[in-house]
Amino acid sequence: MARIGFIGLGNMGSGMAANLAKAGHDVRAFDLSAEALGRAESNGCKRAGSASESVAEAEAVITMLPAGRHVREVYESSVIGTAPTDAILIDCSTIDVATAREEIGKAKGQGYAMVDAPVSGGIAAAEAGTLTFMVGGTPDAFERARPFLDLMGKAVIRAGGPGAGQAAKICNNMLLGASMVATCETFVLAQKLGLDLQTFFDIASKASGQCWSMTSYCPVPGVGPATPADRDYDGGFAAALMLKDLRLAMEAAQSVDAYTPMGAHAEELYSRFSNRGGASKDFSAIIKMIDDSWTAQGK
Ligand code: NAD
């Protein structure tokens with residue numbers, strides 16, 4: 001049993017911390033929200049009075065925070081210099097590559113091993129312990145983080161050195177955002193051309209247009225497997241989070257002078273969709289903006 005300091009018990013962190021506690025670890029949990037702390041306690045974690053208290057005497061520190069500024073603030077004020085230097089530091093938040101590298105560098109300067117380990121998979125995967133972790137850090141830091149990540153995920157893959165986990169995450173999500181927009185406009189066109197949408201799904205799933213956004217996450221209600229489209233686009237992966245990831249991808253592209261026209265267009269579309277009130281809907285709901293008058297065939 002290891003002592004783990006866990007900071008950030010929101011939608012994702014709550015299920016992740018619960019899985020570590022379920023595996024028998026001594027999880028000292030902290031969040032700014034009293035409600036999140038109460039939930040963690042009822043899931044078998046111990047409530048810490050502050051971030052510093054949660055990491056004191058920890059063998060591992062895990063953070064699941066909203067964005068880069070929260071990660072910087074928590075690591076610089078409460079983790080680096082407070083946790084024992086032999087603790088492995090694991091940041092699972094999705095943040096910009098530059099901040100991830102900076103914090104790993106600062107931690108290293110004080111004698112800590114740290115990895116960036118963002119996740120793919122939503123709240124259900126966090127609760128079920130079936131997340132995919134993309135990890136950036138030295139091989140040694142990766143091996144030290146892996147036993148903890150294994151308890152929260154079904155796949156734990158080292159992407160490369162510090163920041164590589166974040167780079168893999170934003171590249172993956174840029175592809176996802178662009179492919180979802182392409183899937184949505186394709187189904188709108190198919191319907192306007194008079195195709196039966198389930199029949200088109202059956203054809204394209206077996207043809208060269210096949211992609212995850214269609215076969216596993218079809219934006220059309222009643223077509224393909226059960227998806228957020230079947231519950232009026234509630235739950236799932238919020239358009240606001242997709243927009244956040246696309247913005248991170250565009251920032252990263254600019255920093256290395258990469259030409260990403262599809263990613264840039266997807267960012268613009270998700271920004272417009274969020275401004276029009278779609279931010280909290282699942283990201284596949286963007287089909288409603290691609291054609292304002294669109295209603296799924298047969299609905
Ligand atoms: P969330 O907003 O539900 O949770 C974040 C938690 O951090 C909140 O409970 C908040 O109170 C806490 N927090 C903020 N600042 C803090 C501080 N200084 N000290 C302690 N606690 C603090 O967010 P989430 O949905 O759990 O997402 C967390 C991260 O995971 C984000 O980076 C997100 O992009 C990423 N992510 C989310 C999903 C998803 O489906 N929700 C999927 C993959 C990745």
Side-chain angles (χ1 to χ4, degrees), residues 1-10 12-32 36-37 39-65 70-93 95 100 103-119 126-127 129 131-159 161-163 165-166:
M1 182 179 85
R3 181 152 162 175
I4 302 172
F6 201 114
I7 306 168
L9 306 154
M12 299 292 289
S14 158
M16 292 163 69
N19 283 323
L20 294 168
K22 212 188 295 168
H25 288 302
D26 175 5
V27 182
R28 306 293 170 110
F30 180 69
D31 195 290
L32 296 176
L37 274 174
R39 199 169 49 223
E41 243 180 345
S42 61
N43 285 338
C45 302
K46 290 182 189 136
R47 181 192 289 248
S50 65
S52 304
E53 194 184 307
S54 77
V55 307
E57 295 171 47
E59 286 152 69
V61 173
I62 302 178
T63 47
M64 193 51 165
L65 296 160
H70 307 92
V71 171
R72 178 178 289 116
E73 195 239 303
V74 166
Y75 276 85
E76 294 186 12
S77 70
S78 313
V79 179
I80 299 172
T82 306
T85 48
D86 57 1
I88 174 75
L89 312 183
I90 307 171
D91 178 38
C92 297
S93 329
I95 66 169
E103 293 310 309
I104 292 175
K106 284 185 180 159
K108 188 179 169 203
Q110 299 286 315
Y112 295 91
M114 177 172 175
V115 295
D116 52 301
V119 306
E127 285 170 1
L131 293 165
T132 292
F133 287 91
M134 310 160 209
V135 189
T138 63
D140 179 54
F142 173 71
E143 288 308 329
R144 289 181 59 200
R146 196 213 286 262
F148 300 103
L149 301 178
D150 276 340
L151 295 171
M152 301 184 283
K154 66 170 170 19
V156 179
I157 302 168
R158 180 170 175 265
Q166 299 296 350

V55 vs S78 side-chain heavy atoms within contact, under 4.5 Å: no
Nearest atoms (heavy-atom pairs only) where S93 meets V71: OG-CG2, 3.6 Å
Salt bridge (Lys or Arg N to Asp or Glu O under 4.0 Å) pairs, two or more places apart, involving residues 140-150: E143-R146
With sequence neighbours excluded, residues passing side chain to side chain contact (heavy atoms under 4.5 Å, CB included) with R72: E76, T99, E102, E103
Those residues that, when tested against N19, pass side-chain hydrogen bond (donor to acceptor under 3.5 Å, both in side chains) (two or more places apart): K22
Qualifying residues under ring pair (Phe, Tyr, Trp, His ring centres under 6.0 Å), relative to F148, sequence neighbours excluded: H25
Side chains of L9 and N43 in contact at under 4.5 Å (non-hydrogen atoms): no
For S14, all residues meeting side-chain hydrogen bond (donor to acceptor under 3.5 Å, both in side chains), sequence neighbours excluded: R39
Side chain to side chain contact (heavy atoms under 4.5 Å, CB included) involving A126 - partner list, sequence neighbours excluded: M12, M16, L131
More than 12 heavy atoms from other groups under 6.0 Å of NZ on K106: yes
side-chain hydrogen bond (donor to acceptor under 3.5 Å, both in side chains) against T132, all qualifying residues, sequence neighbours excluded: K154
Side-chain donor/acceptor of D31 to backbone N/O of A36, under 3.5 Å: no
Residues which pass side chain to side chain contact (heavy atoms under 4.5 Å, CB included) with R3, listed by chain and number, not counting sequence neighbours: D26, R28, E57, E59
Closest approach of A21 to V27 (non-hydrogen atoms, all atoms of both residues): N-CG2, 3.7 Å
Residue pair F6 / S54: nearest heavy atoms and the distance that separates them: N-OG, 4.5 Å
Side-chain touch I90/V135, heavy atoms, less than 4.5 angstrom: no
Spacing of S52 atom OG and I7 atom CD1 [to the nearest 0.5 Å]: 8.0 Å
Shortest non-hydrogen contact from I88 toward A141: CD1-O, 3.7 Å
Closest approach of D116 to A100 (non-hydrogen atoms, all atoms of both residues): CB-CB, 4.3 Å
CA sep, side-chain torsions, deciding dist, call: M152, V119, side-chain contact (heavy atoms from CB on, under 4.5 Å): CA-CA 10 Å; M152 301 184 283; V119 306; over 6 Å; no
Side chain to side chain contact (heavy atoms under 4.5 Å, CB included) partners of Q110, counting only residues at least two apart: I80, Y112
Listed partners of E73 passing salt bridge (Lys or Arg N to Asp or Glu O under 4.0 Å), at least two apart: none
Polar side-chain atom of E127 near backbone of G15 as donor-acceptor pair, under 3.5 Å: no
Spatial distance of atom CG (L20) from atom SG (C45) [nearest 0.5 Å]: 7.5 Å
Contacts of T63 that satisfy side-chain hydrogen bond (donor to acceptor under 3.5 Å, both in side chains) - sequence neighbours left out: Y75, D91
Nearest heavy atoms of A29 and L37, plus distance in Å: O-CD2, 3.4 Å
